[in-house]
Amino acid sequence: QVQLQESGGGLVQAGGSRRLSCVASGRTFTNIHLGWFRQAPGEEREFVSVISKSGALTDYAASVKGRFAISRDNARNTVHLQMNDLKPEDTAVYYCAATADTLVVPRTVAGVAFWGRGTQVTVSS
């Protein structure tokens, strides 16, 4: 089993930046794919970004492409989400996610096996 814990959320002005972090424990960190999802009030949880176990491959939702950057530090069992040029519509609870299958990346809610508890990001206008 994998345990995930996010941090770094908070209040930020529109156009500003914020860096989220997620520390993973349990299974070997280098052997799991990781991603970020978010959920706004009254909305379904949606995909934000994913990074492969090696860190070589990344992908982003169209809504954040060019503004967000995902990275991982395998030595510290940590994945980061650098969020730039934040907009009010980015306001949501952000969740770290992992899959149980090394052949599957966490790109859909149904495919996620392990979730963090979430960290709130609020972007003011």
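- Remark: Ala61 pairs with Phe47, Ser63, Val64 by the side chain to side chain contact (heavy atoms under 4.5 Å, CB included) rule, at least two apart or across chains.
- Arg72 approaches His33 most closely through the heavy-atom pair NH1-CA, 4.2 Å.
- The same ILVMFWY cluster, assembled from side-chain heavy atoms under 4.5 Å apart, contains both Val123 and Tyr60.
- What you find for Tyr94 and Asp90 is that their closest heavy atoms are OH-O, 2.7 Å.
- Counting non-hydrogen atoms of other residues, nucleotides and ligands closer than 6.0 Å to CD of Glu89 gives a total above 12.
- Under the 4.5 Å side-chain heavy-atom criterion for ILVMFWY residues, a single connected hydrophobic cluster contains both Val48 and Val79.
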Mind listing the side-chain donor-acceptor pairs of residues 6-15 below 3.5 Å, one per line with the distance, residues two or more places apart or on another chain?
{"residue": "Glu6", "atom": "OE1", "partner": "Arg117", "partner atom": "N", "Å": "3.0"}
{"residue": "Glu6", "atom": "OE1", "partner": "Gly118", "partner atom": "N", "Å": "2.9"}
{"residue": "Glu6", "atom": "OE2", "partner": "Cys96", "partner atom": "N", "Å": "2.8"}
{"residue": "Glu6", "atom": "OE2", "partner": "Gly118", "partner atom": "N", "Å": "3.1"}

Check against side-chain contact (heavy atoms from CB on, under 4.5 Å), Val121 and Met83: CA-CA 10 Å; Val121 175; Met83 305 184 294; 3.9 Å; yes

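- The shortest distance between side-chain heavy atoms of Asp59 and Val105 does not fall below 4.5 Å.
- At a threshold of 4.5 Å between non-hydrogen side-chain atoms, the residues Thr91 and Gln120 count as touching.
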Arg38/Glu43 under side-chain contact (heavy atoms from CB on, under 4.5 Å): CA gap, chis, key distance, verdict: CA-CA 9 Å; Arg38 67 186 182 186; Glu43 302 293 328; over 6 Å; no

Intermediate values then yes/no, side-chain contact (heavy atoms from CB on, under 4.5 Å), Trp115 and Arg45: CA-CA 12 Å; Trp115 295 99; Arg45 194 167 298 185; 3.4 Å; yes

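- Atom CG of residue Asn77 and atom CD of residue Gln5 lie 13.0 Å apart, to the nearest 0.5 angstrom.
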Criterion side-chain contact (heavy atoms from CB on, under 4.5 Å) on Val50 and Ile70, from CA distance to verdict: CA-CA 7 Å; Val50 65; Ile70 190 170; 5.6 Å; no

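- Looking at Cys22 and Trp36, their side chains come closer than 4.5 Å, going by heavy atoms from C-beta outward.
- Shortest non-hydrogen contact noted between Arg67 and Leu86 is NH1-CA, 3.9 Å.
- No continuous path of hydrophobic side-chain contacts links Leu20 to Val112 [ILVMFWY only; heavy atoms under 4.5 Å].
- The hydrophobic cluster containing Ile51 does not contain Phe37, counting ILVMFWY residues as joined when their side-chain heavy atoms lie under 4.5 angstrom apart, directly or transitively.
- The hydrophobic cluster containing Leu34 also contains Leu81, counting ILVMFWY residues as joined when their side-chain heavy atoms lie under 4.5 angstrom apart, directly or transitively.
- Nearest heavy atoms, Leu4 versus Ala98: CD1-N, 3.9 Å.
- Across all their heavy atoms, Ile32 and Val2 have their closest contact at CD1-CG1, 4.2 Å.
- A pairwise comparison of heavy atoms in Asn84 and Ser17 identifies OD1-OG, 2.9 Å as the closest pair.
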